[in-house]
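Comments concern the structure below.
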Amino acid sequence: MVQGSQQGTITDVNGDFQLKVAANAILIISYTGFTTQQINIGNQTSWSIILEPEDLALDEIVVIGYGSQRKSQITGAISSLKGKDIQDQPVSNLANSMQGRVAGLNVMSASGTPGAGLLVNVRGNNAPLYVVDGIPLLSESNSGLSTSFDLQGQNVGSGQTLSSISDINPNDIESIEVLKDASAAAIYGARAANGVILITTKRGKEGSQEASFNIYSGYQKIARPIQFMGAEEMVGLIEEARANDLAIFKKDPSYFGDDFDPSVLTEPLDNFDLSSGVNTNWLNEVSRFAPINNYEFSFRAGNEKTKYYTSLGYFDQQGVIIENYYKRFNYRLNLDHEINSRFKLGVTFNTTYSKNRRSFNDNTYTGIITNALGASPLMPAYEEDGSYASFEDYQANWLSDNPVKSAKEIRAFTNGYRALGTIAGEYKFSKKLYFKTSWSGDVNFNFDTQFKSLITADAEAFGGEAFEGDFRNVTWLNENTLHFSETRNGNTLSLLGGITMQRTQIDRSSALGQGFPPGRLERISSAANIISATSEGTSFALLSFISRINYDFKNRLLFTFTSRADGSSRFSKTNRFGFFPSGAVAWRLSGEPFFNSLKNVFSDLKLLANK
């Protein structure tokens with residue numbers, strides 16, 4: 001290509017080309033994966049040009065705590081994913097997108113229901129710290145609603161948990177970095193003990209306008225459905241078992257005890273008449289083909305002064321169990337504006353509304369699937385008058401309830417409202433030194449409701465039961481950091497120092513009521529009896545001092561020292577601060593002359609040691 005023009009050509013299979021140009025032209029030679037070369041034409045008419053391979057991966061910029069670095073300069077264990085690696089995946093939770101893509105990161109599903117939280121661990125440590133656009137998020141489940149009970153109706157677990165990153169639209173992600181060792185994660189102090197996952201969302205780009213409208217639709221189903229016996233098979237198996245027992249009884253009645261009545265082995269069984277024609281497949285009754293739909297619109301643009309990215313999304317996933325679903329609405333705005341050559345401002349804002357119809361299922365004897373496994377195929381889902389069939393009438397006394405009734409008449413919802421926002425300013429004193437300050441807020445409200453109809457086995461004894469609970473979290477964060485970087489003679493020194501302040505207020509309340517009139521009166525205010533009511537709140541603050549020193553000796557020897565001092569209001573004044581230092585050294589063998597003979601084997605080789 002001739003510089004400054006549209007004139008150009010491509011080589012043939014042998015690498016030869018011809019091009020007529022002026023004597024003062026500059027020729028640009030480029031090829032994907034190789035370094036670009038410029039050639040001054042002059043009076044020369046032929047050239048032998050050899051392009052050098054370009055290792056873009058080593059120059060790739062990755063996000064680290066409170067900054068960024070070239071991949072070749074990193075001294076910690078960091079794995080990185082780009083937004084293009086996880087986009088357009090039909091998942092509701094961002095953690096699903098990382099599954100199987102990052103070494104040392106395990107993602108497990110405790111529940112298959114839409115919107116349920118995932119168990120994420122980094123190198124065997126559960127509950128890592130999530131940092132979204134610089135905002136640390138609470139990683140524990142914030143719903144007070146249980147979907148798991150034992151035979152006595154006692155809570156035996158929270159069932160489908162909620163995740164702090166369920167509110168993030170995966171297609172808004174620019175990059176994900178997983179900090180896995182002490183050197184990488186120490187900048188976040190005590191909260192980084194289980195690893196850190198940094199999530200950076202997309203921002204505007206200069207000189208381009210990019211609009212995107214993304215739609216995908218599909219459906220889900222049970223991949224390997226359980227094969228149930230039909231009515232005739234079940235009756236035949238039971239009659240065979242009774243015949244075997246009768247033969248044993250006739251041979252030796254003592255096996256059955258003195259008070260055993262052998263007529264139970266010979267008389268016809270109630271409700272085992274195949275002439276009714278009932279042959280219910282209970283898995284089919286409580287499951288379905290479940291559609292999943294996603295609609296997103298995004299726009300990014302920018303010029304020399306202002307850049308922005310905005311997106312609007314709607315996600316709707318129906319569960320494979322009837323009545324179960326998860327719906328989410330997202331809006332995001334990321335804005336950057338350069339006021340002058342020294343000062344620029346940035347705004348990050350994301351708001352989410354989600355509605356989750358929870359499934360009364362997980363880890364519970366009275367769950368939908370548990371009952372479907374034990375229900376008789378001779379039992380219909382509904383009687384002829386339209387009422388739910390009662391399991392006691394169909395030789396199924398081991399059940400707790402009609403599974404279709406449980407799915408429809410136990411209604412559990414979690415509605416979530418969340419807003420994440422940051423306003424940041426950056427002042428550049430010189431090319432080497434700049435100061436950054438930011439104020440961030442995380443406002444998260446969850447409202448839980450659960451109603452067990454008075455016709456369900458779980459609540460018929462007390463005329464129906466309702467639970468209502470709410471969770472309110474308000475967090476503000478202020479961070480102030482000073483950054484310095486200088487390169488001389490191929491050696492680079494980078495310094496970071498800063499102060500961060502955070503305060504969190506968490507409030508929870510819940511109430512349980514029993515005794516409801518017929519109809520759709522399902523709120524606590526309609527209960528005849530308030531069984532329990534609780535309210536609790538907690539607040540805590542964190543004051544931290546951070547520092548980091550990076551030294552790069554000719555991109556071959558790398559040194560890092562990181563420290564953070566965390567002071568928490570949860571500790572006594574006499575022992576309020578904890579100090580978390582970390583040091584690391586790396587030797588880039590691939591930067592040494594003797595490595596040239598190994599470049600066909602290794603693209604990059606580095607020895608690391610840190611603590």
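Just so you know, these numbers use all the heavy atoms, side chains as well, and skip hydrogens, waters and symmetry mates.
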Side chains of [Y] and [X]: any donor to acceptor distance under 3.5 Å?
{"X": "Asn293", "Y": "Ser217", "answer": "yes"}
{"X": "Gln220", "Y": "Gln317", "answer": "yes"}
{"X": "Ser212", "Y": "Asn214", "answer": "no"}
{"X": "Asn330", "Y": "Arg328", "answer": "yes"}
{"X": "Asn171", "Y": "Glu296", "answer": "yes"}
{"X": "Gln318", "Y": "Tyr219", "answer": "no"}
{"X": "Asn356", "Y": "Ser354", "answer": "no"}
{"X": "Ser535", "Y": "Arg508", "answer": "no"}

Do Lys307 and Tyr309 form a cation-pi contact, if we require the NZ or CZ to be under 6.0 Å from the six-membered ring centre and within 45 degrees of the ring's axis?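 Geometry flag: not set, cation outside 6.0 Å or 45°.
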
Using a strict 4.0 Å threshold on nitrogen-to-oxygen distance, state whether Glu323 and Lys408 make a salt bridge. yes

Hey, are Glu522 and Arg411 close enough for a salt bridge, meaning a charged N less than 4.0 Å from a carboxylate O? yes

Give me the one residue out of Thr351, Thr352, Asp442 that meets side chain to side chain donor-acceptor pair (under 3.5 Å) with Arg418.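 Of Thr351, Thr352, Asp442, side chain to side chain donor-acceptor pair (under 3.5 Å) with Arg418 is met by Asp442 alone.
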
Indicate the ring-plane relationship of [X] and [Y], choosing parallel, tilted or perpendicular according to the 30° and 60° boundaries.
{"X": "Tyr353", "Y": "Tyr417", "answer": "tilted"}
{"X": "Tyr295", "Y": "Tyr314", "answer": "parallel"}
{"X": "Phe516", "Y": "Phe451", "answer": "perpendicular"}

Which of these passes side chain to side chain contact (heavy atoms under 4.5 Å, CB included) with Leu420: Thr475, Thr201, Ile168?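 Of all the options given, the one that passes is Ile168.
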
Just to verify, what does Tyr326 make a ring-ring contact (aromatic ring centres under 6.0 Å, His included) with, not counting sequence neighbours? none

Using the ring-ring contact (aromatic ring centres under 6.0 Å, His included) criterion, which residues pair with Phe213? Sequence neighbours excluded. none

Taking all heavy atoms of Val278 and all of Met379, pick out the closest pair and write down the distance.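 It is CG1-C, 3.9 Å.
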
